Peer 1: 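Just dropping this structure here.
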Amino acid sequence: MKKLMPLLICLFFLFSCVSAAQERSLKDLPDADFAVDIPDGWWKPEYTGKYLLTKDGPYLQYVLIQKRPLDKAFRYTKKKIRSGMLPQEAAGIIIDELASDRYLMNFSVIENAPASVDGQAGFRILFTYTDKKQSQFKTLYYGFIKADSFYNLRYCAAARHYFEKDIAAFDQIINSFQLAKD
Amino acid sequence: MKYFIIIIACCTLAAGCITPHAVPLKEGLHSAEDEQQLWRRVQKEQQAIDGSGFLYHEPELENYLNRIVQNLLAHSIAPDFKIQIKVIKDPNLNAFAYPNGVIYIHSGILARMDNEAQLAALLSHEMTHCTHRHSLRVIRSIKDRPAYIAAVQNTLAKISAVQEVARLLGAAGSMAAVSGYTRELESEADQVGLDLMAKANYDSSQALRLFEHLKQEIEVEGIEEPFFFGTHPNVQQRIDNVSDWLAADNQANRAGVKNTAEFQDRLQRVVLANARLDLRLGRFDIAQKTVVKYLKVRPNDARAYYLLGEILRQRDRQADVATAVSYYEKAIALDPSYSEPHKALGLVHYKEGQKQLAKKFFEACLRLSPDTSDKAYIQGYLKNCKFRGEES
C-alpha cells in the first residue's frame with residue numbers, strides 16, 4: 001500500500017489538472033449565448049453553475065457574468081429595467097438594488113459612467129462596500145440591455161491589494177466578451 | 001407572508017410554553033452574570049449595526065428623540081437607566097430595543113407618525129422592554145437557551161421578508177426586532193408605555209391613533225413586513241387592548257400635548273430621506289404619499305417637488321410625464337440654482353426626442369453643477385443633441 005500511495009497522489013493531481021483545464025473556457029457552457037476568453041491562471045469553480053471565474057478564490061476576487069430576462073424581478077427594488085431605457089436609467093436601478101442590499105454595508109458609488117461591451121451601449125459602475133467582518137471590497141460592474149435581456153459583468157475583489165492586481169484580467173474579459181451572432 | 005405567519009405562530013407557541021418570571025427590580029442592573037453576558041453579546045451586535053453605514057445621522061434629530069426619552073424616563077421605574085435612540089435608514093415599519101437601553105427606530109415608522117405624542121407612545125413601549133428587563137426575563141425562563149436562539153435565528157433566516165434584518169442583527173436583535181417578546185411582555189410594554197405617556201403629559205389617546213393609523217397603512221399599502229405591529233399580540237388585539245385600557249383608566253391623559261408643530265419641524269429631513277428610500281425600492285405610491293404629506297408642512301421645498309417629479313418619472317407611466325415636468329419646473333422656480341431638476345427635465349425631453357430643449361436643460365445642469373456625478377452621461381447626451389439637433 002505504501003508503494004501505491006505516491007502513484008495514487010500523482011494520478012489525483014493529473015486528474016485535477018485535466019479537470020481544471022476543461023474549465024478554462026466559457027465558450028462551451030450550456031445555455032450561454034456569449035463567449036469570453038479566460039485569462040491565464042483564472043478558473044471556474046466546479047461547485048457553482050454560474051458563469052463565475054476566479055484566480056485565488058471567490059472571497060479574494062471573482063468575475064461574474066449574468067444574463068437575466070428583463071421581466072425578472074430584482075430581489076429588493078420593485079423597479080424593472082425595460083427595453084429602450086437609457087443606460088443611465090438602467091444604472092440607476094442597479095444602484096438602487098445594490099444600495100438596498102443589507103450584505104453591502106457602507107455601500108458607496110465611486111464612478112457611474114457610460115460604457116460599451118461588445119459594441120452595446122451600456123454603463124459601468126465602480127463601487128465599494130464592506131462585509132460584516134468590515135473587510136472592504138471593490139466592484140466594477142458593466143451592464144447593458146440587448147433585446148429582452150440585461151447582461152452584466154462584474155469584477156469584485158478585496159479592495160486592498162487584489163482589486164488593482166487583477167483589474168487587467170477583467171479588462172481582458174470585457175474586451176473578449178462576444179454575444180453569439182443571431 | 002406565509003412564512004411570516006409561521007414564525008409568528010412558532011414564537012407565540014414558544015411564548016406560550018415559557019412564562020417569563022419578573023426580575024426583581026431591586027436586583028442591581030447589570031449585576032448578574034447572565035445579564036452581563038447578555039449585554040456583552042448585544043454590544044457586539046450593536047457594533048455591527050453602528051458600523052454598517054445604515055444609521056441615519058442628524059444630531060438635531062437625535063437630541064430631540066433623546067429629550068423625549070428623558071422626559072418619559074423620569075416617570076419610569078428606572079429613571080437612571082441610560083437609554084439611547086438611534087435611527088436606521090430603513091423604510092419598513094419597525095423599532096426594537098436592546099436590553100442595554102439602545103433603541104433602534106426605522107426611518108419608515110418615524111415618517112408615518114403625525115405628532116410627538118405618537119412618537120412618545122412608540123418610545124415608551126420600547127423603553128419599557130429595557131427598564132423592565134424583558135430580554136433577561138425571557139432568557140431566564142428558557143431552559144435550553146442556545147437551542148432556542150439557534151431555532152429562532154434559523155427560522156428567521158428562511159424567511160425572505162426578514163432575512164435582511166436577521167442578516168444584520170444577531171440573535172438577540174432578531175428576536176427583539178422580528179419575533180418580538182412574549183405576548184405577556186408586549187402587553188406589559190403597551191400598558192406601562194401608556195402610563196408613562198400620561199405621566200409625561202402626552203395625549204395618551206394618540207397611542208391608539210398610532211396603532212389604528214399604521215394598521216390602515218399596512219392594509220392599504222399591502223406592506224408585508226410590519227414587524228413592530230405584526231408581533232404578538234397582533235395589531236388588532238393591541239388596538240383592542242389599548243382601547244380598553246384607555247376607557248378604563250381615569251389616569252389617561254387625553255388633554256395632554258401632541259406637540260405636532262415641533263415634531264414636524266424636527267422630523268422633516270428624515271421624512272424626505274425615507275421617501276427617497278421608498279423610491280429606491282420602487283414603492284412609488286408610498287413615496288408619493290409621504291412627499292405630498294411633507295409638502296403640506298413645507299410647501300416651498302424645491303427638493304420635495306424634485307422628488308415628486310422623480311417618483312412620477314421613474315414610475316414610467318406616459319400619463320405622468322406632464323405632471324412630472326410641472327413638478328421639476330416648480331422646483332426650479334423655487335430654487336433656480338438647484339441642478340437636479342434641470343438634469344431631469346433634460347432627460348425627459350431627450351427621451352421624447354426634443355433635443356434642443358434637452359440641450360438647454362443639460363447645459364444648465366452642468367453650469368450649476370460642473371462636477372455632477374453623472375457628468376459623463378450628460379456630456380454624451382449633449383454630443384448627441386449637437387449631432388441630432390436638427391431632428392427637433
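Each chain gets a letter, A, B and so on, in the order the sequences are listed, and its residues count up from 1. Hydrogens, waters and symmetry mates play no part in the numbers below; they use all other heavy atoms, side chains included. Keep in mind the model is a prediction, meaning the values are calculated, not measured.
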Peer 1: Under 4.0 Å between a side-chain nitrogen and a carboxylate oxygen: does that hold for Arg280(B) and Glu97(A)?
Peer 2: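 Answer for the salt bridge query: no.
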
Peer 1: Distance check, rounded to the nearest 0.5 Å: Arg102(A) atom CZ versus Ser52(B) atom OG?
Peer 2: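 Going from CZ on Arg102(A) over to OG on Ser52(B), the span is 7.0 Å.
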
Peer 1: By salt bridge (Lys or Arg N to Asp or Glu O under 4.0 Å), which residues pair with Lys89(B), not counting sequence neighbours?
Peer 2: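 Lys89(B): no salt bridge (Lys or Arg N to Asp or Glu O under 4.0 Å) contacts found.
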
Peer 1: So Lys78(A) and Phe284(B), side chain to side chain contact (heavy atoms under 4.5 Å, CB included) or not? Walk me through it.
Peer 2: CA-CA 9 Å; Lys78(A) 291 178 180 172; Phe284(B) 299 110; over 6 Å; no

Peer 1: For Arg68(A), is the CZ atom crowded, meaning more than 12 foreign heavy atoms sit under 6.0 Å from it?
Peer 2: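 It does: Arg68(A) CZ has more than 12 such atoms within range.
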
Peer 1: At a heavy-atom distance under 4.5 Å, which candidate from Arg82(A), Lys80(A), Glu111(A) has the highest pair count against chain B?
Peer 2: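 Among Arg82(A), Lys80(A), Glu111(A), the one with the most close pairs to chain B is Arg82(A).
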
Peer 1: Tell me, side chain or backbone of Phe107(A) under 4.5 Å from chain B's heavy atoms, or both, or neither?
Peer 2: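 For Phe107(A), there is no contact with chain B at all, as no heavy atom is under 4.5 Å.
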
Peer 1: Looking at every non-hydrogen atom in both residues, tell me the closest pair between Lys351(B) and Glu89(A) and how far apart they are.
Peer 2: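 Minimum heavy-atom separation between Lys351(B) and Glu89(A): NZ-OE1, 2.9 Å.
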
Peer 1: What part of Leu279(B) gets closer than 4.5 Å to chain A, counting heavy atoms only: side chain, backbone, both or neither?
Peer 2: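 Leu279(B) touches chain A through backbone and side-chain heavy atoms alike.
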
Peer 1: Which heavy atom in Ala91(A) sits nearest to a heavy atom in Tyr377(B), and how many Å separate them?
Peer 2: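 Scanning both residues completely, I find the closest heavy atoms to be CB-OH, 3.6 Å.
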
Peer 1: Is it the case that atom NZ in Lys360(B) sees more than 12 heavy atoms from other parts of the structure closer than 6.0 Å?
Peer 2: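 No, NZ of Lys360(B) has 12 or fewer neighbouring heavy atoms, counting only those of other groups under 6.0 Å.
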
Peer 1: I would like to know whether Asn106(A) and Phe54(B) meet side chain to side chain contact (heavy atoms under 4.5 Å, CB included); could you show each step before the answer?
Peer 2: CA-CA 7 Å; Asn106(A) 301 299; Phe54(B) 297 129; over 6 Å; no

Peer 1: Would you confirm whether Ser100(A), through its side chain, and Leu281(B), through its main-chain N or O, come within 3.5 Å as a donor-acceptor pair?
Peer 2: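 A pair under 3.5 Å: no.
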
Peer 1: Does any backbone or side-chain atom of Gln134(A) lie under 4.5 Å from a heavy atom of chain B? Answer side chain, backbone, both or neither.
Peer 2: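 Just its side chain gets close to chain B.
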
Peer 1: Is chain A contacted by the side chain of Arg276(B), its backbone, both, or neither, given a heavy-atom distance below 4.5 Å?
Peer 2: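 Contact with chain A involves no heavy atom of Arg276(B) at all.
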
Peer 1: Under a 4.5 Å heavy-atom cut-off, does chain B meet the side chain of Leu104(A), its backbone, both or neither?
Peer 2: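 Backbone only.
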
Peer 1: Return all side-chain donor-acceptor pairs below 3.5 angstrom for residues 363-374 of chain B, not counting sequence neighbours, or 'none' if the list is empty.
Peer 2:
unit_1    : atom_1 : unit_2    : atom_2 : d
Glu363(B) : OE2    : Lys359(B) : NZ     : 3.4
Thr372(B) : OG1    : Asp374(B) : OD1    : 3.1
Asp374(B) : OD1    : Lys343(B) : NZ     : 2.9
Asp374(B) : OD2    : Gln88(A)  : NE2    : 2.8
Asp374(B) : OD2    : Lys343(B) : NZ     : 3.0

Peer 1: Between Gln379(B) and chain A, which part of the residue has a heavy atom less than 4.5 Å away: side chain, backbone, both or neither?
Peer 2: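 No part of Gln379(B) comes within 4.5 Å of chain A.
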
